[in-house]
Amino acid sequence: MGESFITRSSAALADHSLKRALAKAQSGFAAKRAAAVAECDDFAALRRRARLARERALDHLAEYLEQFERQVQAAGGTVHWAETPADMRTIVIDICRARNARFITKGKSMVSEEVGLNQALEQAGFTVNETDLGEYIIQLAGETPSHIVAPALHKTREQITDLFRTHHTLGDRPLEEVAAIVDEARTVIRERFLRADVGITGANMLIAETGQVVLVTNEGNGDLTAGLPGCHIVTASIEKVVANREDASAILRVLARSSTGQHITAYTSFFTGPGGNAAQDAPAFHVVLLDNGRSDMLAGPYRDMLRCIKCAACLNHCPVYQSVGGHAYDAVYPGPMGSVLTPLLRGELRDFQLPAATTACGRCDEVCPVEIPLTSLMRQLRQDTRTPSTLARLTIRCYTWLARYPRLYRLLTNIAMTGLRLLAGGGKPLSRLPLAHAWTRHKDLPALPPTTFQQQWQKRGDKR
Amino acid sequence: MPGSGTAAVAVSAYGMPAGQEGLVAMFMQQARKSAAEVRRADSRQALENDLAELLAWMPLATADIQLADDYPMLVSVADDTDPRCRLVRAESGIAETGSICLAGSRHTTRELFLCEHLVVLLRVDDILYCQEDYWRQQVSTAPQSLHLVSGPSRTADVEQTLQIGAHGPRGMTILLADANAASGRKS
């Protein structure tokens, strides 16, 4: 994988399989969300209510986390605090060792991706099986998720069929139809559900008032991971907490609609400790909560980003993400939300290119169900972290000066127009342009009209 | 929250329908959107017929499936290891989302998620408007698990193509029982 976003995205743009996979996903997500939003009486009100729930959570974060811990303890569960990714890995490995576990099933958890949990568990000698179909596919491929809701979005059906043929004992069974692929995974993974010693899931929310972990899924794999083994470990980040069940409901109303365009997902489940059911062998219950820089974010100028409910609407509506896919970001969280989160959470030098990977079109702001000003946050990050080059600064200064003298501006643009038309040989497109190779390397500059915009505007004005 | 009763109404996705019949209609529409089959039994006989037909998958004599006189107590089921079909009774239904609510017990995961087809019995009177109404009913401490189920399992992880029947049930039927069907009166 290339060192910079530019080289990675250039490679992505040349990848035809990826292009096909992205094209399939793009129209689907946006259209489904639009329909689900349109069918509500007043989606704007739902959005405001969801934002309120998230703001309330951030305003009282420490208090709610402590309340959550007390409630989980009262129900016979345990909350563990992980300041760093290494802490989370150690805590989870220790729990698994204490249970003499060998086989671990996993539901989708972006936090577990953030800390590299699978690799650590495997190195510690455990067998780890992802159970979400998308996660399972990329586990077979040895890849990382390219989308926070649909991890295998970048894979075509043919690629998935090939993966299954390589890794499963299939014989001559046909595996071309989507139904056959899903059935094959169901059969293989079902056996793993029944054998698992420990199940690890993520969390969509943590409810302070009741000590419940909310898990939202469509496949049912999260519930089978949580409910069948003798031990359920939840990996989540601290900002997932909400005050109470009413606030959780407010977020659930916008989550599925923004994410997959459903009015609700097939399964919305609430888990807590075994409580009085401990005698009936309800699973042991551990919640491991990761900070990894979020406490610092809370106190700083990027606090709004912590409202994020990981619905992926901003990815699904981003022209940059839709063109290059998730892997070009080389980050756990891609797209607009990832372009803000990644530099703040991971903060490696290369991550600071990501806030520049935007067209500033603002669609992410429009679709965010908790009204995070993503475009502003990206702009702010760019200002905070990038010093513009001398050439760029000089160019802007020249322009600022020039724009104050309309006559001179018109004169110079007329000269430039004439020059460019001469260079192009009349009404032809330009395939090369001084100082703009980055543009002309990929596309031609369209043929220039004989008159400037201002001249055309003046003419229209004369007619009126 | 102050005045949470009205606040809940104000932030739901759709306005509150009039009367219990309005809630039932909304519930049916929303559950069908999630690919659940919804049937309504208005008499004891109709309910028994529906159950017999739906549970014909199970290696059970119809006689094994009995409704106690004071249904909702459902008397079932001889063999609980057969994975083909499972019958559960929902505590409540939520009209806004077409979901059924079920507090977990030791067998809940197996019952709800390991069968091929899930049959859920729900009393019409137990249909509430929104999740907030259900929360208000839950006064004691949270159960170990609580499930809001909205249709059969599904995935769109292969080329964003919706496929019903992922890891959980491939189909779900909700049997709505009217009060006179539930009360045990033969009509």
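Naming convention: chains lettered A, B, ... in sequence-line order (proteins, then strands); numbering from 1 in each chain.
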- Message: Does atom CD (Gln73(A)) have a neighbourhood of more than 12 heavy atoms from anything else shown, all under 6.0 Å?
- Response: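 Yes.
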
For each of [options], tally heavy-atom pairs with chain B at distances under 4.5 Å, and name the one with the top tally.
options	answer
Ala74(A), Ala179(A), Pro283(A), Gly28(A)	Ala179(A)
Ile181(A), Leu153(A), Asp42(A), Val213(A)	Leu153(A)
Gly134(A), Ser249(A), Cys40(A), Gly220(A)	Ser249(A)
Ile189(A), Val254(A), Thr210(A)	Ile189(A)

- Item | Residues of residues 31-38 of chain B with any heavy atom under 4.5 Å of a heavy atom in chain A | Lys33(B), Ser34(B)

- If you check every heavy atom in residues 91-98 of chain B against those of chain A, which residues fall under 4.5 Å? Glu96(B), Thr97(B)

- With chain B as the partner chain, list the residues of residues 264-272 of chain A whose heavy atoms fall under 4.5 Å from it, by residue number, and write 'none' if nothing qualifies.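 Near chain B, by residue number: Ile264(A), Thr265(A), Ala266(A), Tyr267(A), Thr268(A), Ser269(A), Phe270(A), Phe271(A), Thr272(A).
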
- Item | His263(A) ring center within less than 6.0 Å of Tyr14(B) ring center | no

Whether [Y] and [X] form a salt bridge (side-chain N of Lys/Arg under 4.0 Å from carboxylate O of Asp/Glu) is what I want to check.
X	Y	result
Arg253(A)	Glu132(B)	yes
Arg39(B)	Glu53(B)	yes
Lys155(A)	Glu135(A)	no

With a 4.5 angstrom heavy-atom cut-off, is it the side chain or the backbone of [X] that approaches chain B, or both, or neither?
X	result
Phe193(A)	side chain
Gln262(A)	side chain
Arg20(A)	neither
Val182(A)	side chain
Leu252(A)	side chain

- Query: For Pro169(B), is it the side chain, the backbone, both, or neither that has a heavy atom closer than 4.5 Å to a heavy atom of chain A?
  - Reply: both

- Task: Below 4.5 Å from any heavy atom of chain A, which atoms of Glu159(B) appear? Answer side chain, backbone, both or neither.
- Result: both

- Item | For Asn316(A), all residues meeting side chain to side chain donor-acceptor pair (under 3.5 Å), sequence neighbours excluded |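 Applying side chain to side chain donor-acceptor pair (under 3.5 Å) to Asn316(A) gives His147(A).
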
- Query: Is there a donor-acceptor pair under 3.5 Å between the side chain of Gln71(A) and the backbone N or O of Glu209(A)?
  - Reply: yes

- Does the Gln20(B) side chain pair with the main chain of Val124(B), one donor and one acceptor, at a distance under 3.5 Å?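 Yes; judged by distance alone, with no hydrogens or angles, the pair exists.
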
Spatial distance of atom [atom1] ([X]) from atom [atom2] ([Y]) [nearest 0.5 Å]:
X	Y	atom1	atom2	result
Asp50(B)	Leu175(B)	CG	CG	5.0 Å
Phe113(B)	Ser153(B)	CZ	OG	9.0 Å
Glu219(A)	Thr217(A)	CD	OG1	7.5 Å

- Query: Leu194(A) versus Leu228(A): any side-chain heavy-atom pair under 4.5 Å?
  - Reply: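 Leu194(A) reaches Leu228(A) side chain to side chain.
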
- May I ask you to name which of Gln163(B), Gln160(B), Arg154(B) has the most heavy-atom pairs under 4.5 Å with chain A? Arg154(B)

